[in-house]
Amino acid sequence: MERNILLTIAISAFVTALMRVVPILLLSRFRLAPVIQQWLSFIPAAIMAAIVASELMQKPALTSNGISLSLLAAAFAALVGMVTRGLFATVLAGMVAYSGLRYFFGI
């Protein structure tokens with residue numbers, strides 16, 4: 001039984017690594033058009049925005065008045081991110097804002 005679990009984990013790790021490495025190896029041999037390179041540069045930001053928006057919509061932390069603590073913390077984090085242009089400061093500001101708002105509103 002334990003051998004099957006380890007074999008399943010090893011195969012899963014291999015398939016995951018293969019799915020990530022093969023496209024990089026194949027695309028590194030070709031020179032992409034500048035329009036395609038520019039279009040591909042937006043993918044990480046779009047994925048991050050989709051993840052954040054999904055979390056804010058699915059699990060909002062609401063006060064008894066209906067104020068969304070998640071949305072307030074995200075807005076504060078976005079403001080800090082625009083000012084500092086740093087990921088660490090943005091994440092830290094969002095976590096501190098969310099924790100502070102939960103403490104302030106007693107949730």
Side-chain angles (χ1 to χ4, degrees):
M1 178 72 175
E2 186 176 317
R3 184 170 181 243
N4 290 340
I5 293 172
L6 292 176
L7 184 61
T8 303
I9 292 172
I11 291 172
S12 298
F14 177 74
V15 169
T16 301
L18 196 65
M19 287 181 358
R20 293 172 187 238
V21 170
V22 168
I24 293 172
L25 290 176
L26 291 177
L27 289 176
S28 68
R29 298 177 187 265
F30 300 106
R31 182 159 171 85
L32 299 174
V35 173
I36 295 174
Q37 286 180 348
Q38 183 181 13
W39 180 76
L40 289 174
S41 71
F42 292 110
I43 290 176
I47 290 172
M48 188 60 160
I51 291 170
V52 170
S54 173
E55 285 296 315
L56 289 175
M57 300 292 262
Q58 287 181 1
K59 298 181 248 174
L62 299 174
T63 65
S64 59
N65 299 335
I67 299 171
S68 174
L69 300 182
S70 306
L71 190 58
L72 288 174
F76 181 71
L79 181 67
V80 169
M82 285 187 270
V83 171
T84 64
R85 299 276 184 197
L87 179 62
F88 180 73
T90 304
V91 171
L92 186 64
M95 290 180 355
V96 168
Y98 185 73
S99 298
L101 287 168
R102 282 184 61 109
Y103 179 77
F104 180 73
F105 284 103
I107 295 176

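Quick note: numbers below take in every heavy atom, side chains included, and nothing from hydrogens, waters or symmetry partners.
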Atom of Ala77, atom of Gly94 and distance for their closest heavy-atom approach: CB-CA, 3.7 Å
Over 12 foreign heavy atoms within 6.0 Å of CZ, Phe76: no
Quick one: does Leu18's side chain get under 4.5 Å of Phe14's, heavy atoms only? yes
Taking Leu87 as the starting point, is it possible to reach Ile47 by hopping between hydrophobic residues whose side chains are less than 4.5 Å apart? no
Would you say Phe88 and Val96 are hydrophobically clustered, going by side-chain heavy atoms of ILVMFWY under 4.5 Å? yes
Using every non-hydrogen atom in the two residues, find where Ala73 and Leu101 come nearest and quote the distance to one decimal. N-CD1, 4.0 Å
Approximate separation, where rounding is to 0.5 Å, of Leu79 CG and Thr90 OG1: 10.0 Å
Minimum heavy-atom distance Leu69-Phe105, with the two atoms named: CD2-CD1, 3.4 Å
For a quick test of reading the model, state the closest non-hydrogen atom pair linking Leu56 to Ala74 and the distance between them. CD1-CB, 3.9 Å
Is a side-chain donor or acceptor of Thr8 paired with a backbone partner of Asn4 at a separation under 3.5 angstrom? yes
Looking at every non-hydrogen atom in both residues, tell me the closest pair between Val80 and Ala89 and how far apart they are. CG1-O, 3.7 Å
When clusters are formed by joining ILVMFWY residues with side-chain heavy atoms under 4.5 Å apart, either directly or through shared neighbours, do Val91 and Tyr98 land in the same one? no
Side-chain donor-acceptor pairs under 3.5 Å in residues 34-46, sequence neighbours left out?
residue	atom	partner	partner atom	Å
Ser41	OG	Gln38	O	2.5

